[in-house]
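Below is one structure, written out as structure tokens; the observations come after it.
Since we're looking at a predicted model, the values are computed, not measured.
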Amino acid sequence: MRSRFEAYQRHDRDWLLATWHPSTRPRALDLDADAEWRKLQIVDVVRGSVSDDEGVVEVRASYRSADHAGVLHERSRFVRVDGRWVYLDGTHPDSD
């Protein structure tokens with residue numbers, strides 16, 4: 001999760017796509033060039049240890065863009081593929 005946050009900070013599409021599960025990975029990724037990702041807070045972690053093949057990381061990531069600031073709150077699911085953790089999908093607890 002931290003490497004993906006850093007990739008958003010650097011606007012590194014290649015890393016984001018490489019760490020995205022093939023079944024849910026978009027063909028292209030349009031990143032807001034004005035977005036400045038500022039802080040990552042890990043809220044909760046469920047599984048995801050060395051012996052697990054899946055896990056959940058709940059995060060709050062703060063950002064600022066040209067027209068506003070905000071916080072992305074997501075429960076992200078990760079799975080292990082060929083020994084590497086990849087992002088599967090996420091839900092947004094605040095949007096219920």
Side-chain angles (χ1 to χ4, degrees):
M1 185 68 216
R2 290 184 196 281
S3 76
R4 288 180 55 82
F5 177 76
E6 290 172 10
Y8 275 105
Q9 287 181 308
R10 294 186 315 267
H11 303 281
D12 186 347
R13 284 179 188 83
D14 292 340
W15 182 253
L16 291 166
L17 292 171
T19 58
W20 209 311
H21 193 275
S23 70
T24 57
R25 178 175 46 225
R27 289 181 182 210
L29 191 57
D30 185 27
L31 299 176
D32 181 353
D34 294 329
E36 178 186 341
W37 291 91
R38 305 181 74 146
K39 181 180 175 185
L40 177 67
Q41 175 191 12
I42 305 295
V43 176
D44 190 25
V45 176
V46 179
R47 298 196 327 252
S49 70
V50 174
S51 61
D52 293 319
D53 288 329
E54 57 185 50
V56 174
V57 180
E58 182 175 348
V59 299
R60 286 191 180 101
S62 61
Y63 64 91
R64 178 176 300 280
S65 67
D67 57 344
H68 73 283
V71 175
L72 170 70
H73 184 190
E74 181 174 289
R75 286 188 62 84
S76 305
R77 290 192 312 155
F78 288 84
V79 295
R80 195 183 305 266
V81 175
D82 297 328
R84 290 182 52 217
W85 286 105
V86 294
Y87 174 79
L88 183 61
D89 59 20
T91 59
H92 301 274
D94 295 336
S95 64
D96 296 337

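The shortest heavy-atom contact between Trp15 and Arg84 is CH2-NH2, 4.3 Å. Annotation for Pro93 and Glu74: closest pair CD-CA, 4.1 Å, computed over non-hydrogen atoms. Scanning both residues, Ala61 and Phe5, for their nearest heavy atoms gives CB-CE1, 3.9 Å. What you find for Val59 and Ile42 is that their closest heavy atoms are CG1-CD1, 3.7 Å. The shortest heavy-atom contact between His73 and Arg60 is CE1-NH2, 3.5 Å.
Remark: side-chain polar atoms of Glu36 are not paired, donor with acceptor, to backbone N or O of Arg64 under 3.5 angstrom.
In this structure, OH in Tyr8 is found 5.5 Å from CG in Leu29, a value given to the nearest 0.5 Å. Between the CZ atom in Arg10 and the CG atom in Leu16 there is a gap of 8.5 Å [rounded to 0.5 Å]. Note that the CZ atom of Arg27 and the CZ atom of Arg25 stand 11.0 Å from one another [nearest 0.5 Å]. Atom CG of residue Asp32 and atom CG of residue Asp67 lie 8.0 Å apart, to the nearest 0.5 angstrom. Considering CZ of Arg80 and CG of Leu88, their distance stands at 14.5 Å, rounded to 0.5 Å. Taken to the nearest 0.5 Å, the OH atom of Tyr87 stands 7.5 Å off from the CE atom of Met1.
Using the six-membered ring where Trp is involved, Tyr63 and His68 have ring planes that are perpendicular, over 60° apart on the 30 and 60° scheme.
For CG of Asp30, the number of neighbouring non-hydrogen atoms (other residues, nucleotides, ligands) closer than 6.0 Å is 12 at most.
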Please step through side-chain contact (heavy atoms from CB on, under 4.5 Å) for the pair Val86 and Val79, ending with a clear verdict. CA-CA 6 Å; Val86 294; Val79 295; 3.9 Å; yes
Carefully, step by step, assess Trp20 and Arg4 under the rule side-chain contact (heavy atoms from CB on, under 4.5 Å). CA-CA 9 Å; Trp20 209 311; Arg4 288 180 55 82; 3.7 Å; yes
Check against side-chain contact (heavy atoms from CB on, under 4.5 Å), Glu6 and Leu40: CA-CA 9 Å; Glu6 290 172 10; Leu40 177 67; over 6 Å; no
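Ionic pairing of Glu54 and Arg47 is present here: one or more N-O contacts between side-chain nitrogen and carboxylate oxygen are shorter than 4.0 angstrom.
Cluster membership for Leu17 and Val81, using ILVMFWY side-chain heavy atoms within less than 4.5 angstrom, is not shared.
Between His92 and Leu72 the shortest side-chain heavy-atom distance falls below 4.5 Å.
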